[in-house]
Amino acid sequence: MFKIVEKRKLNDSVTLMSVDAPFVAKKAQAGQFIIFRIDEQGERIPLTIADYDREKGTVTIIFQIVGKSTIELSEMNVGDCILDFVGPLGNPTEFGDAKKAIVIGGGVGCAIAYPSAKAMFKAGIHVDMIAGFRSKDIVILEDEMKAASNNLYITTDDGTYGEKGFVTEVLKRLLEKDNTYDLIIAIGPVPMMKFVSLASKPFGVKTLVSLNPIMIDGTGMCGGCRVTVGGKLKFACVDGPDFDGHEVDFDELMRRNSFYKEREANDKNHVCRLGEKFNG
Amino acid sequence: MANMSLEKIMMPEQDPNVRNKNFEEVSLGYTPEMAIEEATRCLNCKHKPCVAGCPVNIKIPEFISLVVQGDFEGAYKKITEDSSLPAVCGRVCPQESQCEGVCVRGIKGEPVAIGRLERFVADYHMNSEHEKPQKPQSNGKKVAVIGAGPSGLTCAGDLAKLGYEVTIFEAFHTAGGVLVYGIPEFRLPKKIVHKEIDGLKDLGVTIMTNMVIGKVLSVDEIISMGYEAVFIGSGAGLPQFLGIPGESSVGVYSANEFLTRINLMKAYLEGYNTPINKSKSIAVVGGGNVAMDAARCAKRLGAEHVYIVYRRSMEEMPARKEEVHHAMEEGIEFKLLCNPEKIVADEKGFVTGLECVKMELGEPDASGRRRPIAVEGSEFVLDVDSVIMALGTSPNPLIRSTTEGIEANKRGCLIVDENMKTTKDAVYAGGDAVTGAATVILAMGAGKIAANSIHEYLQNK
Ligand SMILES: Cc1cc2nc3c(=O)[nH]c(=O)nc-3n(C[C@H](O)[C@H](O)[C@H](O)COP(=O)(O)OP(=O)(O)OC[C@H]3O[C@@H](n4cnc5c(N)ncnc54)[C@H](O)[C@@H]3O)c2cc1C
Ligand SMILES: Cc1cc2nc3c(=O)[nH]c(=O)nc-3n(C[C@H](O)[C@H](O)[C@H](O)COP(=O)(O)OP(=O)(O)OC[C@H]3O[C@@H](n4cnc5c(N)ncnc54)[C@H](O)[C@@H]3O)c2cc1C
Ligand code: SF4
Ligand code: SF4
Ligand code: FES
């Protein structure tokens, strides 16, 4: 059993939690993920390790409420226990010998991109961060991202905060102004990662994306997480989750991620109605 | 006087058209009367070919004699001198190619139903009251076991009985290995596996789930934590794909994924959250136990057509005979001598068909089986909405790639000597991690040998 020791709502649909998991905390590195299962009936759900405290033995996750399991998790409180919490899985993000990087987060992807920005910034790498949100009311982690970068650019789709528009526009502007960047890390919805990769390709800057296919075991045993990268079959849980964005078949990933949509949408309605009851 | 009936006593089974809609056990087991009657078919042969046919040399005529006398507990004790998972092996061993395959009674008529008797005896023991085993006096030495499949569980149990303090590190949230994530409930009720595991806990074995060794801890770190020896029983869980066009389409699974969703995550039960899509028509590629299990699960989930697509003929099929027979009774359709060439999908990427080519058998290949050759121009498309690849598995590279000094062969199988010792000091291995995908009884046997070797090593250390 893994005890929740901290819980903070970052916005209406994004929650931060720290969980007592000393073995995971001891080994965790930026870019890796965990898989949790709330209870005996639960699914195995992957979430990126947003932060960790080796001394306290805690691991922080930041998640967006999208369906049944994330709703259930968001309803748990400090002191409650999660049945299973396994990790650290996947490979840490490889910064190589980058000297100047752009880190891009989209929505809750900012939470996943943030630890990489922080790790690089701490290692003395110049980090420009671009964080994109739909609207002002869902902006998360602004102070944290600011503290982990040389420059932070925030965009909103509707222009209610920061710059109006998409992250790709800021990216193009930065690259056009000064093409001395040697690494781009983009994490967010699959379409965002696809368009960032398309935008950066002409500039020839290495672009890492963190893929989020459907997973079960996270150890290379089910093949459910397979993605096509550079024409080759890869298992995102053990070969990734980071891959070269210029090589990833994003359209295939989007198709495969839609597999359980119908059934999960039904479940979700079910849960949401329950939620209404609870929340008044 | 022995019972000279040429046939085994039938084991009661659920009706095929009932059972193919539920996940309850197919075979219902012998009653004591049936068991005694079947047991009297054994001739108590002096040269005991059956014992040599069993990979762990269970004292078959001896235990069967005890069954004849109605001493079922005695029979259980006799079996457990050599096997630690009789309720499992009695159900899933490929008996026709092991103990029963060489039984003298099989020369004329059917062999003695050794597997069914073993199962009966083990179930009898499980269902009767008996004292919990006493936790043995600790000898103060710690041993680590990686993986809670049959090999790891057996090794852990044998070492615990010798007084070692054993910790099993298991990657999944539940112990049991393939017995819980692969083999379905209707063939091996999970209750049985959980009871075996509870038995180990009574012996003092600690099981730490959610521990992916190679990630959360390395083998060297385990050793530095004070474990004086390590047994690796991590199995052969890495799925293979064919590499044919369309394999990334939506609706193509590895058998591991399909079976894990169903067996481990219980997607077939109301109230469990893991999703599984219901297919109308599904093709399972392969001819082993894994393929049969996947096909029979798909049928139970309500598919109208379930095809087994296998490129050789019935004769070469590696699955247990009984499972093939059960699958046919349940309405699984066999497309033999067919080789998949391409998965056809619609514009959204969802599977709509499996294109196959017909095969004929040519000359025997290296494995002695006749090599299938494609018949030119015989392509056809099987109308399916899902495809399951049950093509065999190989050992996961995670442990060997994170452990200095452990060697593996070309196929990724860990190299061990006759004592199950790897190329690294104090580290032993066995089961599918060493042999590649094999059988429960072989994995169990390897766990036993390793436990003995570890005991020897630590006594002399
Ligand atoms: C390696 C990895 C790291 C991740 N890290 C984070 C993170 O840090 N924070 C975060 O909020 N989310 C993260 N995700 C995504 C997260 O796992 C999914 O949002 C979660 O599985 C949804 O579960 P649910 O039961 O709440 O929703 P469900 O009811 O299962 O699904 C709701 C919708 O999401 C889709 N979906 C299901 N699983 C996934 C998936 N794995 N990826 C994308 N869409 C999916 C479904 O098709 C459906 O449309 C990560 C995914 C991966 C693979
Ligand atoms: C669907 C299916 C049907 C089968 N049917 C039959 C049958 O009818 N009869 C028969 O005799 N055999 C059958 N087999 C084969 C048999 O189940 C295996 O040969 C046997 O289970 C091997 O045992 P094992 O202990 O070596 O490995 P496994 O049972 O594979 O157990 C290995 C365990 O190690 C864990 N593990 C792996 N990596 C790590 C790690 N890095 N850290 C921690 N833990 C780890 C795994 O999660 C797993 O629990 C079947 C197999 C399958 C898949
Ligand atoms: S363990 Fe398997 S091979 Fe040995 S006697 Fe039992 S059923 Fe036969
Ligand atoms: S070979 Fe058959 S008949 Fe002979 S002892 Fe073994 S089980 Fe009995
Ligand atoms: S999640 Fe199963 S292989 Fe990656």
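Residue numbering restarts at 1 for every chain, and letters A, B, ... go by the order of the sequence lines.
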Q: Below 4.5 Å from any heavy atom of chain A, which atoms of B:S218 appear? Answer side chain, backbone, both or neither.
A: backbone
Q) Side chain, backbone, both or neither: which part of B:E221 has an atom under 4.5 Å from a heavy atom of chain A? A) side chain
Q. Is it true that a side-chain atom of B:K215 and a backbone atom of A:G90 form a donor plus acceptor pair closer than 3.5 Å?
A. yes
Q) Looking only at heavy atoms, which two atoms of A:P46 and A:F33 are closest? And how far apart? A) CB-CD1, 4.0 Å
Q. Should B:I168 and B:F231 be marked as a side chain to side chain contact (heavy atoms under 4.5 Å, CB included) after you check the CA-CA gap, both sets of side-chain angles, and the distance that decides it?
A. CA-CA 9 Å; B:I168 304 182; B:F231 173 77; over 6 Å; no
Q: Below 4.5 Å from any heavy atom of chain B, which atoms of A:N91 appear? Answer side chain, backbone, both or neither.
A: both
**Q.** Separation of B:R261 CZ from B:Y253 OH (nearest 0.5 Å)
**A.** 6.5 Å
Q | Which atoms of A:F235 approach chain B - backbone, side chain, both or neither, heavy atom under 4.5 Å | A | side chain
Q.
If I take atom NZ from residue B:K266 and atom CD from residue A:Q41, how far apart are they, to the nearest 0.5 angstrom?
A. 10.0 Å
Q. Which atoms of A:F2 come close to chain B, meaning under 4.5 Å heavy atom to heavy atom: side chain ones, backbone ones, both, or neither?
A. side chain
(Q) At a heavy-atom distance under 4.5 Å, which candidate from B:T209, B:L217, B:T393 has the highest pair count against chain A? (A) B:L217
**Q.** Top of A:E40, A:R256, A:E252, A:R44 for chain B proximity - count of heavy-atom pairs under 4.5 angstrom
**A.** A:R44
Q.
Using heavy-atom distances under 4.5 Å, tell me whether B:L238 contacts chain A through its side chain, its backbone, both, or neither.
A. both
Q. Can you tell me how far SG of A:C222 sits from CG of B:L264, rounded to the nearest 0.5 angstrom?
A. 11.0 Å
Q. Are there more than 12 heavy atoms of other residues, nucleotides or ligands under 6.0 Å from atom NZ of A:K3?
A. no
(Q) Between A:D217, A:I216, A:T228, who has the most heavy-atom pairs with chain B when the cutoff is under 4.5 Å? (A) A:I216
Q: Please flag which part of A:I45 lies under 4.5 Å from any non-hydrogen atom of chain B: side chain, backbone, both or neither.
A: neither
Q. Any idea which of B:T260, B:T174, B:V252, B:L398 has the most non-hydrogen atom pairs under 4.5 angstrom with chain A?
A. B:V252
Q.
With a 4.5 angstrom heavy-atom cut-off, is it the side chain or the backbone of B:F350 that approaches chain A, or both, or neither?
A. side chain
Q.
Does this structure show an ion pair linking A:D20 with A:K56, if we count only N-O contacts that are shorter than 4.0 Å?
A. no
Q | Where B:S254 and B:P239 come nearest, the two heavy atoms and their spacing | A | CB-CB, 3.8 Å
Q. Which region of A:R255, side chain (C-beta onward) or backbone (N, CA, C, O), has a non-hydrogen atom less than 4.5 Å from a non-hydrogen atom of chain B, or is it both or neither?
A. both
